[in-house]
Each structure stands twice: as structure tokens, then as C-alpha cells.
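Naming: A, B, ... by sequence-line order, numbering from 1 per chain. All figures in this text were calculated on a predicted structure; none of them were measured in a lab.
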Amino acid sequence: MSKMNNMYSEKVMEHFTCPHNVGEIKEADGIGEVGSPVCGDITRVYIQVEDNIIKDIKFKTFGCSAAIASSSMLTEMAKGKTLEEALKITDADVAAALDGLPPQKMHCSNLAASALHKAIEDYQNKNNIAS
Amino acid sequence: MRRVYLDHSATTAVRPEVLEAMLPFLKEEAFGNPSSIYSYGREARKAVTEAREKVAKLIGAKPEEIYYTSGGTEADNLALMGVAAAYQERGRHIITSAIEHHAVLDTAQYLGRHGFKVTFVPVTPAGLVQVEDVKRAITDETILISIMHVNNEVGTIQPIREIGQLARERGIIFHTDAVQSVGKLPINVEELNVDLLTASSHKIYGPKGSGCLYVRKGIRIKPLFYGGAQERKRRPGTENVPAIVGFGRAAELAGQEMDSEMERLRRLRDKLIDGVLSRVEDVRLNGDRQQRVATNVNFGFSYIEGESLLLSLDMKGICASSGSACTSGSLDPSHVLLAMGIPHEEAHGSVRMTLGRDNTEADIDYVLEVLPEIVERLRAMSPLNKDNEGEAK
């Protein structure tokens with residue numbers, strides 16, 4: 001059978017099949033979660049921060065293949081970035097890095113960047129850093 | 001890679017015997033218009049008539065009570081719209097259920113916006129309409145009750161005979177969408193007290209674009225289309241002769257093989273259900289286990305989402321479907337599962353597998369080998385996994 005999926009790009013399928021950075025960080029410096037079980041997508045991002053840099057990042061996602069792939073892509077994009085740089089990554093950037101997502105997936109399944117922003121906020125709140 | 005097709009409730013492949021019966025009517029030897037007077041036309045008419053007898057026989061009807069349509073959706077529309085238009089002077093209330101196929105549901109909603117009152121009766125958590133609920137919904141204005149025979153998502157068999165009896169006692173017309181039961185359950189429109197019945201060809205190894213509405217003699221119905229005298233003016237338009245012939249042959253074969261084939265599929269179904277329930281944790285069978293068609297399995301897997309499960313199954317060659325919103329093009333998961341009271345997150349994680357004549361025991365073994373691994377992989381990624389619950393909110 002063909003590996004092509006006419007709904008998703010090859011990049012999406014790659015990241016869905018072999019997602020990067022799946023899991024949790026025990027004692028993470030920041031955790032952010034977006035979505036709800038009602039709408040069918042939840043993404044949770046864990047970050048470890050050292051010297052204002054995202055040293056490690058992991059995710060857990062309940063959702064469709066697009067949600068899983070965008071979480072995986074986001075973690076790749078954010079790792080090693082400063083918090084300021086990471087805050088500039090948008091959900092649209094993640095979708096673009098995946099060579100696009102189907103229009104109906106843009107809203108509900110592309111939550112990873114927002115989850116990361118929440119994780120950074122969580123980190124800043126815990127450490128009394130004004131954003 | 002091995003391919004296992006488990007979506008027979010969506011559609012089926014045309015059987016070789018059916019294709020063989022159809023081919024002459026696409027070709028020069030028998031391409032005629034049944035309305036023509038010369039030999040080509042007469043041959044086509046004869047074939048359409050013979051097919052009508054075969055379809056009628058499968059549901060215990062008279063041939064002249066069968067009206068060919070383009071399929072189940074058109075037949076459902078014709079039933080609801082046709083009865084509403086013909087009987088609106090008598091009353092403007094229609095009863096249907098919350099778990100109907102969209103061909104009935106959306107048509108009923110349309111009528112609800114155009115001067116009719118529609119009651120959608122609920123179902124039990126097991127996906128069954130209760131006769132009492134239908135009875136309570138009846139008013140002096142009720143002209144039509146439409147309740148499906150077998151639900152397309154969870155395979156539950158509805159108490160059609162009892163509802164038909166109730167409708168008859170009250171002088172109300174009774175329609176059933178039997179797209180998922182024709183050829184799978186014995187059907188006799190007399191015994192089931194049915195006035196109108198929808199059937200489809202491509203669910204029983206016939207071609208797509210072919211189906212029928214059974215209309216009991218004496219029931220009035222306004223057509224959806226105008227244009228010609230075909231189907232006694234109730235469905236004008238030149239007959240789709242090859243598709244009708246295919247439908248007839250498919251109906252004939254389904255009737256001949258029903259008993260043995262359904263017994264075989266019931267065993268495979270039970271093996272699949274028991275196998276998954278024993279190998280995977282936190283999974284439920286959606287829909288009543290007893291009042292269930294032999295071909296349907298519908299699982300709800302906690303903590304994971306149906307679309308990613310389907311895509312993972314597809315990568316292993318297994319073709320199934322889901323009540324997940326992600327596969328329906330809408331934001332809401334299956335209206336059937338929600339009507340059964342299944343929470344949104346569980347409904348998103350549902351997978352339907354529907355068996356058919358090409359499935360073997362080895363197929364089921366393969367699914368039982370592959371599915372638990374996939375579920376485990378996706379659960380490991382899920383923040384909803386019970387080990388993780390309540391961590392970060």
C-alpha cells in the first residue's frame with residue numbers, strides 16, 4: 001500500500017509515525033496544557049529551562065494525527081531556543097514547518113505552540129519572572 | 001502488506017456474480033431504455049422487472065411496491081418529504097429517533113424548519129429506542145414515525161415490529177431505514193408492520209447509486225422529482241438499468257446466503273469482541289451486545305482519539321471507521337454515541353469495524369495482534385492516560 005496519505009503531508013505522517021520528544025519531564029520547570037477532551041484534542045508540554053534556554057522539552061497529546069505531529073514538530077523547533085525566541089513560535093509557524101495542515105485541522109489540532117507559551121508562562125510565574 | 005477491510009457498513013465491493021449480471025446492460029447487447037417499444041427497450045424492461053421481483057422477495061413485499069431510487073439517501077428523503085407533503089392536511093407532526101442516519105435526521109430537521117413539528121425520541125445507553133418513548137411522543141397530529149431498523153454506527157437492532165404495531169393501531173404511517181439490515185436480518189414488511197422501507201444496493205455487494213423505497217399499497221407519497229412516468233411517476237427519470245439489475249442480483253444472493261453467512265460473521269464478530277475486551281484495558285463495546293447485527297463491532301478506547309487510531313490501523317492495512325469528529329468533518333463526535341450518553345472524550349476514541357464476506361478468521365487474528373500494540377503506543381503519548389491524570393490542570 002502507498003505511504004502517501006492524500007490528507008496529510010509527508011512531514012505530518014513522518015512526525016505522526018515517529019514523533020520526537022514524546023513523554024514527560026519529571027519535575028519540569030514549566031508545564032502548559034491546551035485543549036479539552038470535549039473537542040477531542042489536548043496537548044501538554046513540559047519544559048526544562050537552564051539559563052533562559054529551553055534545555056529539554058517533551059509533550060503528551062490526546063488527539064488526531066495532526067495534533068500529534070504538530071506537537072512533535074513544535075518540540076523540535078523550540079529545543080535550544082531562548083524563552084523569548086520560543087514565545088515567538090506561533091501555531092501557524094508549526095503548521096508551515098509541517099508543510100501545511102488541512103484547513104479543518106488548523107484550529108482544533110494545532111495547539112502545540114500555545115501549550116508551549118503556557119508552559120513558559122508557568123515557568124515565569126513559578127520563578128517570579130515578569131514576562 | 002496484508003489488507004483487512006472492516007468497513008462493510010460504509011460500502012462493499014460488487015460481487016463478481018453481480019458484475020456479470022450488470023455488464024450486458026452497459027454494452028451494445030442490452031443498453032436499451034426500458035421505456036422504448038422495440039426489442040432493446042423490452043429487454044431492459046424485462047430485466048428491471050425481474051430485479052424488482054428479487055428485491056421485493058428479500059423484504060417480503062410485492063414487486064409493484066418497490067420504487068427504485070439512486071440509493072438510501074434518496075429513498076429516505078422520498079419517504080419523509082413524500083409523506084409530509086401528501087399527508088400535511090391530516091397533521092404536521094413527525095416522530096423519529098436521535099440516532100438516525102443523517103439522511104433521515106437532516107430531512108426531518110428540514111421539515112422541522114418548514115412547518116412541521118419533529119420529535120426525536122432518545123435512546124438507552126445501549127443504543128436502543130424504547131417503544132414507550134415512541135408511544136408517549138404520539139399526538140393527534142402525528143402522521144409519520146421513522147425509526148431505523150439497524151443503527152449504522154453501533155449495529156443495534158431496534159424494536160421495529162412493536163413500533164410498527166403501535167403506528168398501525170394509531171393509523172400513523174411507519175417508515176424504517178433498513179439500509180444496514182437488508183440482507184443481514186430476515187425482513188418481512190408484513191410481519192414488521194412497515195409501510196415504507198429504505199434499502200440500498202452497495203451495502204449488499206451491489207453497485208453504488210442504486211437502492212429503493214418500499215411503499216405499501218395504499219400509502220400516498222408525493223414525488224421529489226417530476227418528469228416522466230417511470231416508477232409509476234413516483235420516481236421519474238430513465239432507470240439506471242445496470243445498477244438496478246445489479247441490485248436485484250445482489251438481493252437474490254443475499255437472500256440465499258443470509259443464514260449461513262450471518263452465522264459465520266457472528267462467530268467472527270464475537271471472536272473480535274471477546275479478543276479485544278480481553279487484550280486491551282479500558283475499552284468498552286458501544287451498543288447492546290445481544291440486540292446487535294452480526295456484522296458490527298464498535299469499541300470505545302479511553303484516552304485516545306479515533307482518527308489517530310484509524311490512521312495507525314491504516315498503516316497496518318486495516319480499514320475501519322470512527323465516530324471521531326476528526327473523521328466526520330465536523331467538530332462534534334458521533335451524534336449516535338452522544339445520544340447514548342457516552343462522554344465526548346470517549347466518543348472521540350471510538351472505532352467501528354464492520355465485517356463482510358471477504359473477512360476470514362485469519363483477518364481477526366491479525367487485528368487482535370496489531371490493535372493492542374497501536375492502542376498502547378497512542379496511550380503512551382496521551383496526557384489522559386489514567387497514570388497521568390490530574391497532573392497538570
Interface moiety of [X] toward chain B, non-hydrogen atoms closer than 4.5 Å:
| X | answer |
| --- | --- |
| A:Ser71 | neither |
| A:Ile42 | both |
| A:Pro19 | side chain |

With side chains defined as the heavy atoms from C-beta onward, is the minimum distance between B:Leu311 and A:Met13 less than 4.5 Å?
->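 Side-chain contact under 4.5 Å: yes.
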Pairs of heavy atoms under 4.5 Å with chain B: top-ranked of A:Thr43, A:Val22, A:Asp122 =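 Max contact count across the listed options: A:Val22.
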Testing the basics here: between [X] and [Y], what is the closest heavy-atom pair and its distance to 0.1 Å?
| X | Y | answer |
| --- | --- | --- |
| A:Arg44 | B:Pro383 | NH2-O, 3.5 Å |
| B:Ser308 | A:Ser65 | CB-N, 3.8 Å |
| A:Phe62 | B:Ser382 | CB-OG, 3.8 Å |

Gap between atom OG1 of A:Thr61 and atom CD of B:Glu305 - 0.5 Å precision |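 Rounded to the nearest 0.5 Å, the CD-OG1 separation comes to 11.5 Å.
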Counting heavy atoms not belonging to [X], are there more than 12 under 6.0 Å from its [atom1]?
| X | atom1 | result |
| --- | --- | --- |
| A:Glu84 | CD | yes |
| A:Lys126 | NZ | yes |
| B:Tyr110 | OH | no |

B:Leu384 backbone acceptor or donor facing A:Lys60 side chain under 3.5 Å =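 Absent.
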Residue, of B:Arg377, B:Glu346, B:Met381, that accumulates the most heavy atom pairs under 4.5 Å with chain A =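 If we count pairs closer than 4.5 Å to chain A, B:Met381 comes out on top.
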